[in-house]
*Asks:* 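Before I ask anything, let me first share the structure, which is written out below as structure tokens.
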Amino acid sequence: MSATTEPNIGSFTLGGPLTAEPAGTIEVPEHDEWTLPNGFAWVFPGEENRGGLVRPVIMADGFNLGRSKLDVLYQGLEGGSFPFVTELRRRGRDVILLGFEERSASILENAQAAEAAIMRAIAEQMGDTRLVVGGFSMGGIVTRYALAKLETQRMDHRTALYFSYDSPHRGASIPVGVQAFSHFIPFPNDFAKQMNSPAARQMLWRHYDKDTDKIGIAPERTEFLAALDRVGGWPQIPMKIAVANGRADGVGLPDVKPGEVALRIDRIYPGTTFYTQAQGDDVTAAYLNRRFPKAEKTITTSGFPEMDGAPGGTLHTYKILADTIEKLGGKADLRHEDVCFVPSVSAVAIRDIEKQDDLYANIDGLSLDESELDDFLCSSTTTAHTAITEELCTWLMDRLPD
């Protein structure tokens with residue numbers, strides 16, 4: 001370790017199960033590849049479809065840094081507790097995995113890839129079965145915008161069903177102390193690049209601005225929501241459904257109590273401490289410290305709900321950070337591995353997430369009419385953001401059009 005600087009621990013990025021690199025070799029079946037504006041797609045024909053497109057299901061990749069790794073996405077969809085792609089193909093569905101040249105680029109740019117994939121599927125399809133279009137996490141937002149934009153342009157997208165899988169329709173959350181820490185590392189790094197990317201700024205409900213040290217709604221989010229409004233907010237023609245990895249009964253992560261230590265670091269960045277989000281004004285979210293070059297900073301919030309323990313799909317936020325710290329010789333006192341990333345109310349578009357009562361709402365007790373969706377399902381247990389489960393996937397497949 002240099003005596004003049006702390007180590008660069010920002011080589012990691014935050015991502016869910018669908019972006020996790022598996023330990024072994026990834027085996028992907030034979031498939032076609034499409035080149036698209038700002039993206040590409042892998043096409044897996046359904047069983048008995050004789051290699052042609054008959055009943056297309058377009059599924060868009062989610063958020064991370066860099067080009068989509070569709071082999072990793074395929075493994076994430078297949079290698080867990082439920083083989084989602086195999087089951088879709090067994091039911092005669094042609095699976096089209098949509099990737100992006102840069103996952104962290106603006107959602108508006110990546111929507112061009114979705115629009116092109118939709119139009120190519122229509123052009124190559126045999127028969128007249130209408131399409132299914134959706135995506136995982138950010139992919140559900142990209143396809144939502146793409147379909148709505150095509151409708152405003154009076155383009156026939158021939159889509160019967162739109163779906164999203166734990167997508168942050170009302171915003172996602174990365175603890176602001178963690179966001180600030182990415183920029184506190186005295187090197188350019190991938191983590192900071194991810195946190196400050198256009199897509200992160202568009203999706204995070206609150207963003208830490210490295211230039212002003214202020215926490216608020218990023219201008220890019222305001223601009224994106226305005227762009228979404230200009231195309232009607234949602235596609236109007238297809239049925240709109242969603243699943244959430246969080247629960248619907250208002251129960252989140254009961255062990256993640258507000259104001260507790262989530263992670264404390266020693267040896268490198270000594271004393272740096274992250275706290276679970278609490279309500280109130282001037283609440284300490286993190287204390288950041290480094291020896292070389294010497295600096296310290298306290299990150300505070302005002303008016304936040306208890307976001308980290310809220311019902312929703314979770315992210316290994318502090319586990320990923322702690323593992324990286326320890327690999328570089330640091331000591332990590334990890335108290336909470338996971339925190340809420342996409343609140344349940346956001347994933348099913350039924351409440352905003354700024355207020356405590358809305359964030360922790362008992363969705364089961366709300367009318368479906370309060371949601372902007374036609375139907376949705378929340379997980380019966382709290383699961384990781386975009387975790388592929390039989391419960392959620394079977395519910396989705398049972399609603400695909402004939």
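Along the sequence shown, residues carry numbers from 1.
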*Asks:* Do R290 and F184 form a cation-pi contact, if we require the NZ or CZ to be under 6.0 Å from the six-membered ring centre and within 45 degrees of the ring's axis?
*Replies:* yes

*Asks:* Which heavy atom of A242 sits nearest to which heavy atom of A347, and what is that distance?
*Replies:* CB-O, 3.7 Å

*Asks:* Could you walk me through whether T317 and V178 pass the side chain to side chain contact (heavy atoms under 4.5 Å, CB included) check?
*Replies:* CA-CA 8 Å; T317 305; V178 174; 4.2 Å; yes

*Asks:* So, are K331 and E326 salt-bridged, with charged N and O less than 4.0 Å apart?
*Replies:* no

*Asks:* For residues V243 and D166, determine if any side-chain heavy atom of one lies less than 4.5 Å from a side-chain heavy atom of the other.
*Replies:* no

*Asks:* Looking only at non-hydrogen atoms, find the nearest pair between Y269 and P7 and report the distance.
*Replies:* OH-O, 2.7 Å

*Asks:* For the residue pair R144 and W234, would you count it as a cation-pi contact if the rule is NZ or CZ under 6.0 angstrom from the ring centre and within 45 degrees of the ring axis?
*Replies:* yes

*Asks:* Take the angle between the ring planes of H385 and F341 and call it parallel below 30°, perpendicular above 60°, tilted in between.
*Replies:* perpendicular

*Asks:* Is the shortest side-chain heavy-atom distance between R55 and L400 below 4.5 Å?
*Replies:* no

*Asks:* Between the side chains of E115 and K149, is the shortest nitrogen-to-carboxylate-oxygen separation below 4.0 Å, so that they form an ion pair?
*Replies:* yes

*Asks:* With a 3.5 Å distance limit and no angle check, can you tell me whether Q202 reaches the backbone of E220 through a side-chain donor-acceptor pair?
*Replies:* no

*Asks:* Counting only N and O atoms by type, is there a donor-acceptor contact under 3.5 Å from the side chain of Y208 to the main-chain atoms of S182?
*Replies:* no

*Asks:* Think R201 forms a cation-pi with F224, using NZ or CZ under 6.0 Å from the six-ring centre and within 45 degrees of its axis?
*Replies:* no

*Asks:* Salt bridge or not for K240 and E372, using N-O below 4.0 Å?
*Replies:* no

*Asks:* Do T272 and R264 pass the side chain to side chain contact (heavy atoms under 4.5 Å, CB included) test, and can you show the C-alpha distance, the side-chain angles, and the key distance before you say yes or no?
*Replies:* CA-CA 6 Å; T272 290; R264 180 174 284 125; over 6 Å; no

*Asks:* Would N289 and K294 count as a side-chain hydrogen bond (donor to acceptor under 3.5 Å, both in side chains) if you check the C-alpha gap in whole Å, the side-chain angles of each, and the deciding distance to 0.1 Å?
*Replies:* CA-CA 8 Å; N289 183 57; K294 178 61 181 171; 3.1 Å; yes

*Asks:* Is the shortest distance from a Lys or Arg side-chain nitrogen in E87 or R90 to a carboxylate oxygen in the other one below 4.0 Å?
*Replies:* yes

*Asks:* Regarding R247 and D249, does a basic nitrogen lie under 4.0 Å from an acidic carboxylate oxygen?
*Replies:* yes

*Asks:* Could you go step by step and tell me if E47 and R89 meet the salt bridge (Lys or Arg N to Asp or Glu O under 4.0 Å) rule?
*Replies:* CA-CA 6 Å; E47 290 185 12; R89 296 179 71 191; over 6 Å; no

*Asks:* For the residue pair T86 and E78, confirm or rule out a side-chain donor-acceptor distance under 3.5 Å.
*Replies:* yes

*Asks:* For a 4.5 angstrom cut-off between non-hydrogen side-chain atoms, does M138 reach N64?
*Replies:* no

*Asks:* Are any side-chain N or O atoms of Q153 and backbone N or O atoms of M155, one a donor and one an acceptor, separated by less than 3.5 Å?
*Replies:* no

*Asks:* Are I141 and H169 packed together at the side-chain level, in the sense that at least one heavy-atom pair is separated by less than 4.5 angstrom?
*Replies:* yes

*Asks:* In terms of the angle between their ring planes, are F84 and F136 parallel, tilted or perpendicular, with boundaries placed at 30° and 60°?
*Replies:* perpendicular

*Asks:* Show your working on side-chain hydrogen bond (donor to acceptor under 3.5 Å, both in side chains) between Q356 and E306 and close with a plain yes or no.
*Replies:* CA-CA 7 Å; Q356 180 79 2; E306 294 165 7; 3.1 Å; yes

*Asks:* What's the separation between atom CZ in R335 and atom CG in D255, rounded to the nearest 0.5 Å?
*Replies:* 13.5 Å

*Asks:* When rounded to the nearest 0.5 angstrom, what distance separates OG in S164 from CG in L373?
*Replies:* 6.0 Å

*Asks:* Counting only heavy atoms not in H183 (residues, nucleotides, ligands), do more than 12 fall under 6.0 Å from its NE2?
*Replies:* yes

*Asks:* Run the numbers on D333 and I265 for side chain to side chain contact (heavy atoms under 4.5 Å, CB included), then give the verdict.
*Replies:* CA-CA 6 Å; D333 178 9; I265 301 170; over 6 Å; no

*Asks:* Examine distances only and state if a side-chain atom of S346 and a backbone atom of G171 form a donor-acceptor pair shorter than 3.5 Å.
*Replies:* yes

*Asks:* Do I325 and I268 have side chains that approach each other closer than 4.5 Å (heavy atoms only, starting at C-beta)?
*Replies:* yes

*Asks:* Restricting to non-hydrogen atoms, name the atom on C378 and the atom on I363 that form the minimum distance, rounded to 0.1 Å.
*Replies:* SG-CD1, 4.1 Å

*Asks:* Run the ring-centre check on W395 versus F163 and record whether the distance is less than 6.0 Å.
*Replies:* no

*Asks:* Restricting to non-hydrogen atoms, name the atom on A111 and the atom on A146 that form the minimum distance, rounded to 0.1 Å.
*Replies:* O-CB, 3.8 Å

*Asks:* So, do I9 and L321 sit near enough that their side-chain heavy atoms are less than 4.5 Å apart?
*Replies:* yes

*Asks:* Assess whether side chain to side chain contact (heavy atoms under 4.5 Å, CB included) is satisfied between Y162 and I241, documenting all intermediate values.
*Replies:* CA-CA 6 Å; Y162 159 81; I241 67 174; over 6 Å; no

*Asks:* Less than 4.0 angstrom from a charged side-chain N to a carboxylate O is my criterion; do E354 and R170 meet it?
*Replies:* no

*Asks:* Are any of the side-chain heavy atoms of V283 and T300 separated by less than 4.5 Å?
*Replies:* no

*Asks:* With no hydrogens and no angle check, is any side-chain donor or acceptor of S367 less than 3.5 Å from a backbone partner on D369?
*Replies:* yes

*Asks:* Test your reading of the model: is there a side-chain donor-acceptor pair from S197 to the backbone of A200, 3.5 Å cut-off?
*Replies:* yes

*Asks:* Mind checking whether F274 and F181 have ring centres under 6.0 Å apart?
*Replies:* yes

*Asks:* With side-chain hydrogen bond (donor to acceptor under 3.5 Å, both in side chains) as the test, would you mind laying out the steps for Y275 and E260 before giving the verdict?
*Replies:* CA-CA 5 Å; Y275 299 90; E260 292 186 339; over 6 Å; no

*Asks:* Could you check whether D61 pairs with K69 (Lys NZ or Arg NE/NH1/NH2 to Asp/Glu carboxylate O, under 4.0 Å)?
*Replies:* no

*Asks:* State, yes or no, whether a side-chain contact exists between L53 and M126 at a heavy-atom distance under 4.5 Å.
*Replies:* no

*Asks:* Measure the spacing between CG of N245 and OG1 of T383 and express it to the nearest 0.5 Å.
*Replies:* 3.5 Å

*Asks:* Would R291 and E6 count as a salt bridge (Lys or Arg N to Asp or Glu O under 4.0 Å) here? Give the steps.
*Replies:* CA-CA 7 Å; R291 297 166 300 170; E6 296 279 17; 3.2 Å; yes

*Asks:* Just by modelled atom types, is the Q112 backbone N or O under 3.5 Å from a matching donor or acceptor in the N38 side chain?
*Replies:* no

*Asks:* I'd like to know if D209 and K214 make a salt bridge, using a cut-off of under 4.0 Å between side-chain N and carboxylate O.
*Replies:* no

*Asks:* When you measure from the side chain of T159 to the backbone N and O of H157, does any donor-acceptor pair fall under 3.5 Å?
*Replies:* yes

*Asks:* Hey, mind stepping through T389 and E391 against side-chain hydrogen bond (donor to acceptor under 3.5 Å, both in side chains) and telling me if it holds?
*Replies:* CA-CA 5 Å; T389 69; E391 176 187 28; 4.8 Å; no

*Asks:* Does T382 reach the main-chain N or O of G313 with its side chain, forming a donor-acceptor pair under 3.5 Å?
*Replies:* no

*Asks:* So that I can tick it off, tell me whether D398 and R91 are bridged by a salt bridge, with the cut-off set at under 4.0 angstrom between side-chain N and carboxylate O.
*Replies:* yes

*Asks:* Taking all heavy atoms of P198 and all of A105, pick out the closest pair and write down the distance.
*Replies:* CB-C, 4.1 Å

*Asks:* Less than 4.0 Å between a side-chain N and a carboxylate O, is that true for K319 and D323?
*Replies:* yes

*Asks:* Over all heavy atoms of both residues, which pair between V342 and A172 is shortest? Give the atoms and the distance, please.
*Replies:* CG2-CB, 4.2 Å

*Asks:* Donor-acceptor pair, distance only, cut-off 3.5 Å: does the side chain of H336 make one with the backbone of D338?
*Replies:* no

